Amino acid sequence: MKKSIVLVTGLLPAIELSAADAEDTAPNIVVFIADDAGMDFGCYGNKGIKTPHIDRLASLGVRFEHAFLTSPQSSPSRTSMLTGKFAHTIGTEDLHVPLDTSVTMLPEYLRNAGYTTAFALKTHWGDQNNKKFDTVIKGGYHPIQDGLTEEFFNNYTSFIEENKVKPFFIWVGFIDPHRPYDKGTTPQVNRPQDTTVPAFLVDDLETREDLADYYNEISRMDNDIGRMIEVLEQKNLMENTVIIFMSDNGMPFPRAKGTLYDSGIQTPLVVYWKNKAPKGALHSNGLVSSIDLAPTILDMAGIDKPADMFGMSLVPLIIDPALRGGDYIFAERNWHDCDEYIRCIRSERYKVIYNAYYELPHGTAYDISMSPSWYSLKRNLREGTLKSHQMQIFVSPRAMIEVYDLDNDPDELVNIGDLPQYRVEAEKLTRLLNDWQQKTDDHPYWKRRRPDKIDRMTGLNYLQSFPEIMGD
């Protein structure tokens with residue numbers, strides 16, 4: 001008589017699977033999450049950065065061209081990925097707010113389906129949720145040498161060796177390329193002159209050196225990913241292992257991380273799945289969202305999506321990249337050193353951004369307001385030499401509604417919300433945005449508001465603790 005695994009999630013009907021069948025067919029799943037990496041990878045067209053291992057992964061699988069995040073902030077983004085729910089729905093919309101333990105996370109579904117689950121490095125979901133995984137892969141970054149420690153790789157290798165006969169799920173949350181940067185511990189493999197300076201930053205030596213430091217940490221992460229993939233190859237596990245790579249938010253630069261422009265919410269998304277994902281395929285038809293990650297992983301594991309989980313499985317799009325993705329994606333920005341209530345909807349061509357606190361300049365995260373790129377912007381602003389399209393985060397009051405034609409303005413520099421020819425499209429998207437807020441239990445802008453921790457114009461920190469909500 002075959003031994004069976006009974007799935008009991010509280011949200012799904014009980015399902016019985018043969019243990020032998022589960023071990024034979026369920027793929028291992030490894031997820032790599034970068035910390036503050038934008039679209040700066042060789043496989044996404046950046047010729048000035050060295051990312052050979054992620055580029056190779058893309059050449060062996062599917063690369064999504066239009067993938068977006070639900071938030072441009074770390075903890076809201078990561079909790080959304082692991083629950084399949086928007087951060088405001090589960091109360092994690094502000095940075096550093098832990099996920100309530102009553103909310104079911106992805107590893108719980110997988111564990112009930114016979115997976116052994118593990119996490120490593122950065123979490124940002126609250127320590128009380130660590131027990132939702134079977135184990136933690138201990139180890140971290142070497143204080144002097146480059147990259148992750150040998151302790152980490154030894155523990156990672158041991159976990160895989162001990163669990164290779166049954167399906168496993170590993171979530172690896174990097175801290176690269178999060179600030180601060182340390183030239184003394186990171187190999188200087190990328191040159192300032194080879195960096196690509198976005199239009200919203202000042203193109204000077206300070207900014208290019210800042211970008212090169214950012215590139216170098218991406219390259220360091222890429223090397224660590226290469227070593228982890230090598231372990232899977234040495235143990236002959238790549239035949240039945242899915243590897244997913246993406247970021248939690250955009251690059252840690254002004255007008256990127258922490259904003260709902262594409263520079264803050266677009267993410268690389270690479271999926272390797274041997275004999276399922278066609279080699280070197282590009283998916284560019286329609287949009288996909290990080291809210292789709294949990295349903296996708298459940299589908300890969302043969303688990304039905306719970307009724308209260310948002311998003312869709314991307315498995316059909318992985319198998320056939322010619323299929324169309326979604327028509328719209330939605331994202332939110334809330335408290336992150338400065339309080340914000342920003343919501344957006346994006347189609348393939350248009351984006352609408354709603355700023356509730358439009359009377360204030362855009363809030364910028366503390367780590368970004370200490371960067372050379374920030375100081376270059378501020379110096380040029382003070383000297384009167386800053387270009388108009390580099391002033392978005394300093395404008396006060398700003399527009400309550402921003403509208404962008406992404407075909408003609410991919411950098412989202414010119415708000416066309418006051419042009420009559422775009423009125424019908426903008427109003428349609430605004431209605432859809434309102435509908436999404438209602439369906440996902442979004443709170444009104446005047447609730448859950450927190451005081452700013454830093455000054456919006458100077459970036460100076462004046463509150464040393466996480467501020468309490470001012471009231472409902």
Side-chain angles (χ1 to χ4, degrees), residues 69-80 83 85-103 123-129 248-250 252 254-261 264-265 330-345 352-370 374 392-402 430 433-434 436-472:
L69 300 155
T70 59
S71 175
Q73 310 156 260
S74 184
S75 55
S77 180
R78 291 170 188 246
T79 54
S80 179
T83 62
K85 299 176 183 180
F86 293 98
H88 62 251
T89 310
I90 53 178
T92 59
E93 70 274 8
D94 290 353
L95 187 72
H96 301 315
V97 172
L99 178 69
D100 191 280
T101 55
S102 64
V103 181
T123 58
H124 228 155
W125 49 65
D127 290 344
Q128 66 271 33
N129 287 295
D248 64 349
N249 51 246
R255 219 224 69 152
K257 173 185 175 179
T259 78
L260 297 188
Y261 304 113
I265 60 171
F330 301 90
E332 61 181 304
R333 156 73 200 268
N334 298 279
W335 192 93
H336 189 138
D337 296 331
C338 288
D339 199 41
E340 289 285 3
Y341 185 100
I342 310 176
R343 304 292 184 262
C344 87
I345 178 173
V352 168
I353 298 174
Y354 166 58
N355 300 295
Y357 309 153
Y358 60 88
E359 71 278 9
L360 300 172
H362 199 294
T364 297
Y366 182 54
D367 60 320
I368 296 174
S369 69
M370 296 188 296
W374 168 270
Q392 279 171 307
I393 57 174
F394 303 120
V395 171
S396 175
R398 49 187 151 148
M400 176 189 287
I401 302 294
E402 300 175 58
T430 301
L433 182 61
N434 290 335
W436 166 75
Q437 290 182 269
Q438 293 178 12
K439 290 175 182 176
T440 59
D441 196 25
D442 198 3
H443 59 282
Y445 73 90
W446 46 267
K447 274 196 169 186
R448 306 189 197 173
R449 189 163 183 178
R450 297 181 189 274
D452 291 350
K453 186 177 179 180
I454 68 170
D455 179 74
R456 292 171 183 259
M457 293 305 294
T458 65
L460 292 176
N461 183 16
Y462 70 91
L463 287 182
Q464 302 303 312
S465 60
F466 183 57
E468 296 294 327
I469 293 176
M470 289 187 283
D472 294 340

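All heavy atoms count here, side chains included; hydrogens, waters and symmetry mates do not. Just so you know, these numbers come straight off a predicted model, no measurement behind them.
- With values rounded to the nearest 0.5 angstrom, L99 atom CG is found 4.5 Å from N129 atom CG.
- Taking the six-membered ring where tryptophan is involved, the planes of W436 and F330 are essentially parallel, since the angle between them stays under 30° and well short of 60°.
- In summary, the aromatic rings of H336 and H96 are positioned with their centroids too far apart to meet the 6.0 Å limit.
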Candidate pair S74 and D248, rule side-chain hydrogen bond (donor to acceptor under 3.5 Å, both in side chains), full reasoning: CA-CA 6 Å; S74 184; D248 64 349; 3.0 Å; yes
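- Summarising the local packing, OH of Y357 is surrounded by more than 12 heavy atoms from other residues, nucleotides or ligands at distances under 6.0 Å.
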F466 vs W335, ring pair (Phe, Tyr, Trp, His ring centres under 6.0 Å): CA-CA, chis, key distance, verdict: CA-CA 10 Å; F466 183 57; W335 192 93; 5.0 Å; yes
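- In this structure the side chain of I393 reaches within 4.5 angstrom of the side chain of T364, judged on heavy atoms.
- Using a cut-off of 4.0 Å between Lys/Arg side-chain N and Asp/Glu carboxylate O, R450 and E93 are scored as not salt-bridged.
- A donor-acceptor contact under 3.5 angstrom links the side chains of E402 and Y261, judged on distance only.
- H362 has its side chain out of reach of R456: every pair of non-hydrogen atoms, C-beta onward, lies at least 4.5 Å apart.
- Applying the side-chain contact (heavy atoms from CB on, under 4.5 Å) criterion to S80, with sequence neighbours excluded, gives T70, I291.
- Residue T79 holds its OG1 atom at 10.0 Å from CD of Q73, rounded to the nearest 0.5 Å.
- Without hydrogens or angle criteria, T440 side chain to T89 main chain gives no donor-acceptor distance under 3.5 Å.
- Under the 3.5 Å distance criterion, with hydrogens and angles disregarded, a donor-acceptor pair is assigned to the side chains of Y341 and D442.
- S102 contributes atom OG, which lies 10.0 Å from atom CD1 of I90 (distance to the nearest 0.5 angstrom).
- For the residue pair N249 / S77, no side-chain donor-acceptor distance below 3.5 Å is found, with atom types taken as modelled.
- Side-chain contact check for L433 versus R343: some heavy-atom pair is nearer than 4.5 Å.
- Taking 4.5 Å as the limit, every side-chain heavy atom of L460 sits out of range of all side-chain heavy atoms of I454.
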Determine, stepwise, if the pair D94 / R448 fulfils salt bridge (charged side-chain N to carboxylate O under 4.0 Å, His left out). CA-CA 9 Å; D94 290 353; R448 306 189 197 173; over 6 Å; no
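- For CZ of F394, the number of neighbouring non-hydrogen atoms (other residues, nucleotides, ligands) closer than 6.0 Å is greater than 12.
- The shortest side-chain heavy-atom distance between L260 and S71 does not fall under the 4.5 Å cut-off.
- G459 approaches S369 most closely through the heavy-atom pair O-OG, 3.1 Å.
- Remark: side-chain polar atoms of S396 are paired, donor with acceptor, to backbone N or O of E359 under 3.5 angstrom.
- Shortest non-hydrogen contact noted between P252 and K257 is CA-CB, 4.0 Å.
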Side chain to side chain contact (heavy atoms under 4.5 Å, CB included) between R78 and T92: does it pass, once the steps are laid out? CA-CA 10 Å; R78 291 170 188 246; T92 59; over 6 Å; no
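- Between the side chains of N334 and E340, not a single donor N or O lies within less than 3.5 Å of an accepting N or O.
- Rounded to the nearest 0.5 angstrom, I342 CD1 and I353 CD1 are separated by 7.5 Å.
- Using a cut-off of 4.0 Å between Lys/Arg side-chain N and Asp/Glu carboxylate O, D339 and K453 are scored as not salt-bridged.
- Put simply, the side chain of I401 does not reach to within 4.5 Å of the side chain of Y358, judged on heavy atoms.
- No side-chain heavy atom of T259 sits less than 4.5 Å from a side-chain heavy atom of R333.
- Side-chain contact between R449 and I469 is absent, with no heavy atoms from C-beta onward closer than 4.5 Å.
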